[in-house]
Number of protein chains: 2
Amino acid sequence: MNERQHLPHLHDMSEEELVGHIPSVETIAAVSEAMKQLGDPSRLRIFWLLCHAEECVQNIASAMDMSSPAVSHHLRLLKSAGLIVSNRKGKEMFYRAADTDLVASLHHGIEQIASISCMD
Amino acid sequence: MNERQHLPHLHDMSEEELVGHIPSVETIAAVSEAMKQLGDPSRLRIFWLLCHAEECVQNIASAMDMSSPAVSHHLRLLKSAGLIVSNRKGKEMFYRAADTDLVASLHHGIEQIASISCMD
DNA sequence: ATAACGATTAAACAATCGTTTAATTGAACT
DNA sequence: AGTTCAATTAAACGATTGTTTAATCGTTAT
């Protein structure tokens, strides 16, 4: 049971061809989760910043013109998603982009899309 | 007025260096808007499908195991974001990924992230 | 210890979002 | 014209999200 129904209509592409290799739900979940985090302008800017520098919360807040609780909240989400890492230096907590293939790919994609979308 | 304050702390990187070339709000908005649309699993799957095939609403709904109103709703959002296009053939409305650099870049990024995140 | 500073957490709020059901529009047939 | 099928729209609902304010936790220094 729980078998998918056949396609209502068949056009150019066969059902097998169309539905055959949709990415798994796990893959879709992983990709959309990463995209979701960067779908918020505040988090995208923070992530972009942390791809270029390691900074403490206050400086991030200042650069982004946000309150530190707000920044902290976004940092927690980015960290939960594995996009950034933190390490404490004295009483300050420093954040930077994680050194992973996923982050490298996202960073590259963002810069490419940015260069397409606009001109800075 | 409306001048940004100086950074609370200065570390390795100068303020100029850190804040100097943050992408413009327009660029950030454009990128995050695209990411936001693909941050929903349903829309990501639909977008992925439409990168590989042109299909009508019912077939998309069937392949995604969703109702057609739900699919229609997501299609409208994806279309508003310029990620997909539509054309009518008889009484069916066909959708496919838009033929733009932005879409190509997103598609490439998604496949790359998918190959990193998991193995289908 | 205690004071000062940085960061996080908690609670509350408005706002946005995704899904469902039902009603409506649009196009192609008899 | 009227019927049928596909797609969209509308309204309603619960769930999630982002931001703010205030309170709390951790670390350093006096």
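No hydrogens, no waters, no symmetry mates; every other heavy atom, side chains included, goes into these values. Chain letters run A, B, ... following the sequence lines, proteins first and then strands; every chain starts at 1.
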Within this structure, what is the NZ-to-P distance between A/K79 and C/dT9, rounded to whole angstrom?
-> 9 Å
Does A/S62 use its side chain to pair, donor to acceptor, with the backbone of A/Q58 at less than 3.5 Å?
-> no
Scoring nucleotides 18-30 of chain D by protein non-hydrogen atoms under 4.0 Å (B base, S sugar-phosphate only, - none) yields SBBBB----BS--
What residues form a side-chain hydrogen bond (donor to acceptor under 3.5 Å, both in side chains) with A/Q112, not counting sequence neighbours?
-> none
Atom CD of B/E55 and atom P of D/dA6 are separated, to the nearest Å, by 13 Å
Could you tell me whether the phosphate oxygens of D/dT8, OP1 or OP2, come under 4.0 Å of any side-chain nitrogen or oxygen in B/Y95?
-> yes
Nearest-Å distance for atom pair CE/C1', residues B/M93 and C/dA28 = 14 Å
For the student: nearest non-hydrogen atoms of B/Q37 and B/L83, plus distance = CB-CD1, 4.1 Å
Between CD of A/E92 and P of C/dT8 the distance, given in whole Å, is 11 Å
Contacts of B/H107 that satisfy ring pair (Phe, Tyr, Trp, His ring centres under 6.0 Å) - sequence neighbours left out = B/H52
Provide, to the nearest angstrom, the distance between the CD atom belonging to A/Q58 and the C1' atom belonging to C/dA4.
-> 12 Å
Minimal heavy-atom distance between B/Y95 and B/S86, with the atoms involved, is CE2-CB, 3.4 Å
Rounded interatomic separation in angstrom, taking CZ from B/R76 and C1' from D/dA10 = 11 Å
Integer-rounded Å distance: C/dG6 P and A/I60 CD1 | 14 Å
Please check if the side chain of A/R45 supplies one atom and the backbone of B/I28 the other of a donor-acceptor pair under 3.5 Å.
-> no
